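Report on one structure; see the data block that follows.
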Amino acid sequence: WLVCRQSRSISSSSRCMSIMPAWVIDRYGSNDVLRYTKNASFPVINYPNEVIVKVFAAGLNPIDVSMRGGYGANTLSMKRDPLNIKLSGSEFPLILGRDVSGVIMECGPDVKYFKEGDEVWAAIPPWKQGSLAEFVVLSGNEISLKPKSLSHVEAAAIPYVATTSWSALVNTGGLNKDNCASKRILILGGSGGVGTFATQMLKAWGAHVTVTCSHNAERFVGELGVDHVVDYTAGPAEEALSALEKFDLVLDNVGGDTERWALGLLKPWSGAKYVTLVTPFLQNTDRLGIADGMMQTAATVATKTIKHLVKGVHYRWGFFAPSGPALDEITDMVDAGQIRAVVEEVFSFSQVSQAFEKVEKGHARGKTVIEIS
Ligand code: NDP
């Protein structure tokens with residue numbers, strides 16, 4: 001690292017090979033595939049718009065548990081190696097961890113808006129090496145200046161769920177700070193990472209927010225400003241929800257049989273949308289391969305979209321999308337006191353296995369964060 005720091009140019013930096021501590025996996029499987037090493041490859045700046053970030057805290061998400069087991073391997077491998085030049089298994093050793101808060105250690109020559117020493121946060125795309133390491137390399141348009149009002153641990157609880165919520169609600173759902181005031185929004189699964197973030201963002205924008213959650217999370221989500229709570233453990237949620245005024249948008253964080261009834265809760269012929277985050281896209285490509293999986297996905301989404309369109313409601317799939325600019329807006333909301341970090345549990349860097357176990361058990365009440373340094 002010291003050798004790297006003395007060299008200021010990209011080419012000499014990328015020639016410089018060094019090592020760092022990290023948690024890696026060398027194959028897909030259950031928690032025992034997680035391995036701590038002091039000898040992971042030091043990340044290298046390959047493109048002029050990239051930065052190297054020293055990781056202070058990393059957030060875990062359900063996708064880390066799924067990726068540990070091989071979820072999305074076909075699609076993510078194609079994204080890492082589009083020309084299919086490398087041998088299968090070349091993604092290993094793979095570093096998981098999608099959220100990072102840290103400090104920029106080195107900038108590529110085209111990085112204009114950031115400098116060494118800036119405190120930044122980011123959501124790391126799943127095809128890149130993750131944040132369960134001392135350093136990570138990211139592109140300049142994936143990072144944003146971290147909110148000054150948050151510690152690194154708090155900041156690492158937000159980027160992945162925030163950029164997912166932004167992508168689903170703003171880009172797919174068409175919501176923004178100026179059009180939410182008269183809208184009724186339903187969030188299925190309000191107590192987890194996405195639910196607790198989306199609730200706060202929508203409340204800051206003036207929407208009326210109803211969520212479903214377990215009985216023991218009712219008070220917790222109430223403290224985030226939720227207007228109405230339906231306890232899905234007390235009986236069929238669809239019955240309680242269908243007694244309410246209809247909604248302008250449903251964000252589905254639960255999946256399963258929710259699609260059977262949730263679209264019926266929307267105001268028909270008003271532009272109302274159902275956006276689900278639980279989609280079969282990566283399972284299809286895992287199961288059928290890239291080409292057939294994509295064909296199956298396109299057929300499924302087209303059929304469902306048309307089926308619901310004739311009933312006057314819009315059916316959409318929502319996806320995580322990395323975005324520094326979205327995080328810039330969220331930084332402002334956090335520093336204005338409109339959104340707070342909801343950290344459920346903090347683990348040390350030596351306790352990454354325990355942190356995975358915690359996320360794998362489900363029943364999240366906010367986020368699980370690892371303090372790296
Ligand atoms: P979390 O694990 O943080 O939260 C899930 C929450 O849902 C838990 O609080 C759980 O609590 C609650 N829950 C479970 N079953 C129900 C139910 N039937 N009704 C209401 N609440 C329920 O997950 P995230 O918030 O991070 O993610 C939510 C979903 O979105 C996940 O399936 C994830 O894979 C997906 N996702 C998809 C992305 C994409 O790009 N498409 C990106 C990010 C997330 P309890 O069990 O106690 O009720």
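The chain is numbered in sequence order, starting from 1. Remember, predicted model here, so these are calculated numbers, not experimental data. When reading the values below, keep in mind they use all heavy atoms of this one structure, side chains included, and skip hydrogens, waters and symmetry mates.
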Could you tell me whether a side-chain N or O of [X] sits under 3.5 Å from a main-chain N or O of [Y], the two making a donor and an acceptor?
| X | Y | result |
| --- | --- | --- |
| Arg98 | Ile124 | yes |
| Asn179 | Asn176 | yes |
| Ser242 | Glu239 | yes |
| Asp252 | Leu277 | no |
| Lys246 | Gly264 | yes |
| Gln200 | Thr196 | yes |
| Asp118 | Ile104 | no |
| Asn61 | Ile63 | no |
| Ser167 | Phe319 | yes |
| Ser131 | Asp99 | yes |

Atom [atom1] of [X] and atom [atom2] of [Y]: how far apart are they, to the nearest 0.5 Å?
| X | Y | atom1 | atom2 | result |
| --- | --- | --- | --- | --- |
| Thr172 | Trp166 | OG1 | CH2 | 13.0 Å |
| His228 | Leu244 | NE2 | CG | 4.5 Å |
| Lys304 | Thr276 | NZ | OG1 | 8.5 Å |
| Lys54 | Met20 | NZ | CE | 10.5 Å |
| Lys128 | Arg80 | NZ | CZ | 12.0 Å |
| Leu188 | Thr258 | CG | OG1 | 6.0 Å |

So which of [options] actually passes side-chain contact (heavy atoms from CB on, under 4.5 Å) with [X]?
| X | options | value |
| --- | --- | --- |
| Phe56 | Val153, Val103, Ile372 | Val103 |
| Thr37 | Ile95, Val24, Asp26 | Val24 |
| Leu186 | Leu249, Val230, Leu241, Val209 | Leu241 |

Does some side-chain heavy atom of [Y] sit less than 4.5 Å from a side-chain heavy atom of [X]?
| X | Y | answer |
| --- | --- | --- |
| Met201 | Ile339 | yes |
| Leu150 | Ile158 | yes |
| Ile370 | Gln351 | no |
| Gln296 | Thr300 | yes |
| Ser41 | Ile19 | no |
| Glu119 | Leu145 | no |
| Trp121 | Pro147 | yes |

Next on the checklist: Checking side chain to side chain donor-acceptor pair (under 3.5 Å) between Asp248 and each of Lys273, Lys267, Lys183, Arg184, which is the one that passes?
Outcome noted: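 Between Asp248 and the candidates, side chain to side chain donor-acceptor pair (under 3.5 Å) is satisfied uniquely by Lys267.
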Next on the checklist: Run Arg68 and Glu360 through salt bridge (Lys or Arg N to Asp or Glu O under 4.0 Å) and show every step you take.
Outcome noted: CA-CA 11 Å; Arg68 189 201 64 202; Glu360 195 160 13; 3.0 Å; yes
Just by distance, no angles: are the side chains of [X] and [Y] close enough, under 3.5 Å, to form a donor-acceptor pair?
| X | Y | value |
| --- | --- | --- |
| Glu238 | Tyr232 | no |
| Arg365 | Asn216 | yes |
| Ser149 | Asp335 | yes |
| Thr285 | Thr75 | yes |
| His152 | Glu371 | no |

Between the side chains of [Y] and [X], is the shortest nitrogen-to-carboxylate-oxygen separation below 4.0 Å, so that they form an ion pair?
| X | Y | answer |
| --- | --- | --- |
| Asp227 | Lys203 | yes |
| Lys358 | Glu344 | yes |
| Arg340 | Glu154 | no |
| Lys361 | Glu357 | no |

Checklist entry - Minimum heavy-atom separation for Val136 to Gly130, with atom names? => result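 Shortest heavy-atom separation between Val136 and Gly130 comes out as CG2-O, 3.6 Å.
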Item to check | Nearest heavy atoms of Ala22 and Ala40, plus distance in Å | outcome: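 Closest approach of Ala22 to Ala40, heavy atoms only: CB-CB, 3.6 Å.
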Checklist entry - When you look at Thr199 and Ile187, which way does the side-chain contact (heavy atoms from CB on, under 4.5 Å) test go after all the steps? => result CA-CA 8 Å; Thr199 294; Ile187 299 176; 3.5 Å; yes
Next on the checklist: Under the criterion side-chain contact (heavy atoms from CB on, under 4.5 Å), I'd like the reasoning laid out for Cys180 against Leu202: C-alpha separation, chi angles, the key distance, then a yes or no.
Outcome noted: CA-CA 7 Å; Cys180 274; Leu202 292 169; 4.2 Å; yes
With a 4.5 Å cut-off on side-chain heavy-atom distances among I, L, V, M, F, W and Y, is there a chain of contacts connecting [X] to [Y]?
| X | Y | result |
| --- | --- | --- |
| Met67 | Tyr28 | yes |
| Leu288 | Met295 | no |
| Val359 | Val342 | no |
| Ile330 | Leu175 | yes |
| Ile290 | Tyr71 | yes |

Item to check | Derivation of the side-chain contact (heavy atoms from CB on, under 4.5 Å) call for Ile143 and Tyr113 | outcome: CA-CA 10 Å; Ile143 61 172; Tyr113 299 105; over 6 Å; no
Item to check | With sequence neighbours excluded, residues passing side-chain contact (heavy atoms from CB on, under 4.5 Å) with Tyr36 | outcome: Pro21, Trp23, Lys38, Phe349
Checklist entry - Can you tell me if CZ on Phe92 sees more than 12 non-hydrogen neighbours from other groups inside 6.0 Å? => result yes
Checklist entry - Angle class for the Tyr274/Tyr315 ring planes (parallel below 30°, perpendicular above 60°, tilted otherwise)? => result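 Tyr274 and Tyr315: parallel rings.
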Checklist entry - Does the pair Leu34 and Ile25 meet the rule for a side-chain contact (heavy atoms from CB on, under 4.5 Å), with working shown? => result CA-CA 5 Å; Leu34 288 164; Ile25 61 171; 3.8 Å; yes
